[in-house]
Amino acid sequence: MKPKVLITYNIFGELYREILKDFEVTMPVSGVDSFTYEEVLAVIGEYDALLSMWNFPVNEQLLKAGKHLKIVANYAVGFDNIDVATATKLGITVANTPDPVVEPTADIAMGLILSLMRGIPNFDKRQRKGNYVKGIMNNLGHSLEGKLLGIYGMGRIGKALARRAKASGMNIAYHNRHRLSLQEEQQIGAEYLSLEELISTSDVLSLNATLTTETHHVINEQRLSMMKPDAYLINTARGPLVDEKALVVALRENRIAGAGLDVYEFNDTVSSELLQLENTVLTPHVGTQTVEGRREMARFASTNIRNFFFGGKVARVNSTKSEQCDE
Ligand code: GLV
């Protein structure tokens, strides 16, 4: 009998079918984007594998209902939507898609930095409305060259961002739970700082860390108050790394220069206050949304499932092996 796979979201369906040709695959019919939580809960007991979107809640109730479930392959590098502790207790493997997200997410972070420092979205808006403000002094942005980019979370995305920022002449500092080797620091050209030093000296502070109980609200009111008044905050990782209410106050009172956000604290719903502010650039969680990146994520997630059943590398997140990746 073929193992049964349930896929919560229908993108690149033909790719899934090709890679999972030795499986019995169920996914939403074309025209329907995704299954609801209730729909998945009702049938999960029949499936051996679940391929879940990054925002689909794979909680204790669902995992326990998955009586035959052996693997949850997340279509994401993040896995904060999955109760990994319960999955591990139940002997269910959790896998993610670390490789394909790296370059596209670093592109968006770099794009937000450029957009904020050079005011690109504001200029675009004004230009279209025909109210381009004449006069050099009214249109000044800030150069990237010589500015300090502080990267919180120097995993693969952090490193890819560092490469891009270096090419723009920025200096790089970082903070990680585990410091990199000196050799790697030299290769990247990044200086290790304590979290407090990083926050208080960066001209641009970019968050590229995984969301865990330790990193939840790592940027809170107190840490925002340590940032330089002309510094920018960039978040392309996960919204709850930042206390969004405190961020709104800091931005409203111009205690920092601006924020470029691709992710939001409240389930990707943007706080209405953020929408009113001029010193923000906001994108709707599109860090990994390139045709190439998304296709590779689909390939990677379904290959995780195929390899789990038929042998080969699986990017496990609840493994003692060192396959786990920082975002
Ligand atoms: C996207 O945010 C991901 O985790 O892949």
Side-chain angles (χ1 to χ4, degrees), residues 7-12 15-16 33-34 50-59 71-84 87 93-113 151-161 164 206-216 218-219 233-242 244 259-270 281-305 314-319 323-327:
I7 299 176
T8 66
Y9 202 97
N10 187 355
I11 41 171
F12 303 117
L15 193 62
Y16 289 136
D33 264 1
S34 59
L50 175 69
L51 196 153
S52 51
M53 222 37 203
W54 66 271
N55 54 358
F56 186 89
V58 185
N59 56 20
I71 179 168
V72 176
N74 217 30
Y75 185 108
V77 63
F79 41 88
D80 46 291
N81 57 312
I82 301 175
D83 181 347
V84 177
T93 290
V94 179
N96 67 346
T97 61
D99 298 6
V101 304
V102 174
E103 304 299 329
T105 308
D107 283 342
I108 275 284
M110 197 62 210
L112 288 172
I113 295 172
I151 296 179
Y152 174 68
M154 190 63 102
R156 292 207 258 174
I157 296 172
K159 288 174 196 163
L161 173 60
R164 286 158 173 76
S206 174
L207 307 182
N208 298 98
T210 311
L211 175 64
T212 63
T213 42
E214 285 89 54
T215 61
H216 183 265
V218 63
I219 300 301
L233 179 71
I234 306 293
N235 189 5
T236 54
R238 284 293 182 260
L241 294 174
V242 178
E244 200 163 290
L261 307 173
D262 188 44
V263 287
Y264 305 90
E265 181 169 4
F266 308 106
N267 299 323
D268 284 357
T269 307
V270 186
V281 176
L282 309 171
T283 51
H285 200 154
V286 292
T288 59
Q289 298 223 32
T290 64
V291 174
E292 298 80 1
R294 287 287 173 169
R295 183 171 278 280
E296 269 318 293
M297 287 170 79
R299 188 188 304 284
F300 205 103
S302 38
T303 303
N304 274 335
I305 293 178
V314 177
R316 293 169 208 268
V317 303
N318 56 348
S319 156
E323 285 173 324
Q324 180 175 343
C325 291
D326 278 344
E327 284 199 42

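Just follow the structure's listing: the first ligand is 1, and inside any ligand the first atom is 1. Both backbone and side-chain heavy atoms feed into the values below; hydrogens, waters and symmetry mates do not. Since the structure is predicted, the reported quantities are computational estimates derived from the model, not experimental observations.
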Item to check | Per-atom contacts of ligand 1 with M297, taking only distances under 4.0 Å to non-hydrogen atoms | outcome: 5 (O)

Checklist entry - Does the N or O separation between V77 and ligand 1 drop below 3.5 Å for any pair? => result yes

Checklist entry - Has ligand 1 got any nitrogen or oxygen that is less than 3.5 angstrom from a nitrogen or oxygen of W54? => result no

Checklist entry - For ligand 1, which atoms sit closer than 4.0 Å to a heavy atom of V101? => result 5 (O)

Next on the checklist: Exactly one of V270, L112, D262 should register a side-chain contact (heavy atoms from CB on, under 4.5 Å) with L282. Which one does?
Outcome noted: V270

Next on the checklist: Tell me whether R295 is salt-bridged to E292, with the criterion being a basic N under 4.0 Å from an acidic carboxylate O.
Outcome noted: no

Item to check | S302 side chain near L51 side chain, heavy-atom distance below 4.5 Å | outcome: yes

Item to check | Atom indices of ligand 1 within 4.0 angstrom of G78 heavy atoms, with elements | outcome: 3 (C), 4 (O)

Checklist entry - Parallel, tilted or perpendicular: which fits the ring planes of W54 and H285, with parallel below 30° and perpendicular above 60°? => result tilted

Item to check | Interatomic distance, N74 atom CG to F79 atom CZ [nearest 0.5 angstrom] | outcome: 9.0 Å

Next on the checklist: Need the ligand 1 atom indices (1-based, order shown) with element for anything under 4.0 Å from a heavy-atom of H285.
Outcome noted: 1 (C), 2 (O)

